[in-house]
Student: 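First the structure, then my questions, so here it is.
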Protein chains: 6
Amino acid sequence: MPLLHVTQTPGQSAEAKRELLKKLTAAYVDATGAKPASVWVTIEEVSKDDWAIGGETLTERALKPA
Amino acid sequence: MPLLHVTQTPGQSAEAKRELLKKLTAAYVDATGAKPASVWVTIEEVSKDDWAIGGETLTERALKPA
Amino acid sequence: MPLLHVTQTPGQSAEAKRELLKKLTAAYVDATGAKPASVWVTIEEVSKDDWAIGGETLTERALKPA
Amino acid sequence: MPLLHVTQTPGQSAEAKRELLKKLTAAYVDATGAKPASVWVTIEEVSKDDWAIGGETLTERALKPA
Amino acid sequence: MPLLHVTQTPGQSAEAKRELLKKLTAAYVDATGAKPASVWVTIEEVSKDDWAIGGETLTERALKPA
Amino acid sequence: MPLLHVTQTPGQSAEAKRELLKKLTAAYVDATGAKPASVWVTIEEVSKDDWAIGGETLTERALKPA
C-alpha cells in the first residue's frame, strides 16, 4: 500500500536504480513492518535545468565555485 | 476543478491515450456530476526500470516465469 | 501498476468516494485492458481556500455572481 | 522548505525556464518571507497528447477553431 | 493549463494564502505570458513531523540551537 | 536535491515516522552517495476510504476475510 516517489536528476544507471529501489523498499519494510510486496516505489527524473534552489537552477549552481 | 493524474508505464499509443483520457473524464463526471470542462487529466509515464514493487523493478518482474 | 491520483475539494461522502474509485478503476481497465487488481487510485482533498484558478481561490470564485 | 512543482507542456527554452524559476521563487519569498535558499522549484513537462481538459487533449483543443 | 503545486508546512492564514496564490499566478503569467485563467495553483500542507531534511524532521531541526 | 515523497495511510506515531524518515534518508544516501543534508523526505497520509486497489477501498478490503 505505501507509495514512495523519488524525484531526482538524471544520470543514474539502471543497475544503480535497481539498488536504490531495493534499498528504499527494504528501509520502508524495516521501519514499518509492511509486506515487501505492498511497497511501490517510482523514480521521476527532473533535469538540472528544471530544478531550482533559491532561484538558481542546479545547472547554474554547479557552475559556481564551491 | 478536479485533477486526475495518471502514472503508468510507456507504450500506449496517442490514440489509446485519447480514449483513456475521455473515459476517465466521463467516469469522473458520471460519479460526481462535475462539469466536464472542469476536469483535468494528465498522464505521466514512468519506465519499467524506474518502477519497483516489492523491491523488484517491473522489468525484473516481467523476466520471471508467471 | 497504474496509479491514478485524484485531487479534489472536500465534501464528498465515503459512499460517493467508493463509487468514484470504482468507476475510475473500471474506466481505466476498460480503456487499457489492465487487470483491475493492478490499478491503484488515491484521493487527495485540497480545501477551496488552497486552490486558485486565475489567482482567485475557489472560495472567492464561489462568492462571485455566476 | 517549501516545494513548488510546476507541471506544464514542453516548449519553453532553458533561458525562459531560468526566468520562470527565479520569478516563482521571488514571488514565494515576497509573499511569505521565506529564505530564498529554502525554496525548491521543479518543472515537470507533460505533452499536449497526455493532458486533457473536458476529455479533450490539448492537442485536440488546439486544432479546433477559437 | 499550467499546474503549480505548493507543498509547505501549516500555519499560514487564509488571507496570506490568497496573497501567495495571487503572487505565484502573477509570477507565472509574467514569466510565460500565459492567460491568468489558465493557471491553477494548489497548496498542500505537510506537518513538520512529516518532513525531514538530512534525516531530521523540521520539528527536530527547530529544537536545535541556530 | 533528491525528493522522496511517501504516501501511506494514517496511524503511524510521530516517533515511528522519525524512524522511517531516518531510514529512508540513510537508504538513499547509502545507495547513491548523496549528501544527507541534500535529501528531503515528506510523508502524505491518505485515508483508507480514499485509497482503492482493484476498485475496492482499503477499508472494504480490510473487512473481507483473509
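Note that this is a predicted model, so its numbers are computed, not measured.
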Student: What's the spacing between L4(B) CG and I43(C) CD1 if we round to 0.5 Å?
Tutor: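 Taking CG in L4(B) and CD1 in I43(C), the distance rounds to 9.5 Å.
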Student: In terms of heavy-atom proximity below 4.5 Å to chain C, should L58(B) be classed as side chain, backbone, both, or neither?
Tutor: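 Only the side chain of L58(B) comes within 4.5 Å of chain C.
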Student: Please report the closest heavy-atom contact between M1(B) and Q8(C), naming both atoms and the distance.
Tutor: SD-CA, 3.9 Å
Student: Is it the side chain or the backbone of T42(C) that comes within 4.5 Å of chain B heavy atoms, both, or neither?
Tutor: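 Nothing of T42(C), per the 4.5 Å heavy-atom cut-off to chain B.
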Student: Decide side-chain contact (heavy atoms from CB on, under 4.5 Å) for W51(B) and L3(C); before the verdict, give the C-alpha distance in whole Å, the side-chain angles of both, and the deciding distance to 0.1 Å.
Tutor: CA-CA 11 Å; W51(B) 196 315; L3(C) 292 170; 3.9 Å; yes
Student: If you count heavy-atom pairs under 4.5 Å with chain B, which of A16(C), P2(C), A27(C) comes out on top?
Tutor: A27(C)
Student: Starting from the C-alpha separation in whole Å, work towards a yes-or-no answer on side-chain contact (heavy atoms from CB on, under 4.5 Å) for Q12(B) and T32(C).
Tutor: CA-CA 9 Å; Q12(B) 210 179 22; T32(C) 66; 3.3 Å; yes
Student: Any chance you could measure L24(C), atom CG, to T25(B), atom OG1, to the nearest 0.5 Å?
Tutor: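 Here the rounded value is 9.5 Å.
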Student: Apply side-chain contact (heavy atoms from CB on, under 4.5 Å) to the pair Y28(B) and K23(C), showing each step before the final yes or no.
Tutor: CA-CA 7 Å; Y28(B) 190 89; K23(C) 288 188 171 172; over 6 Å; no
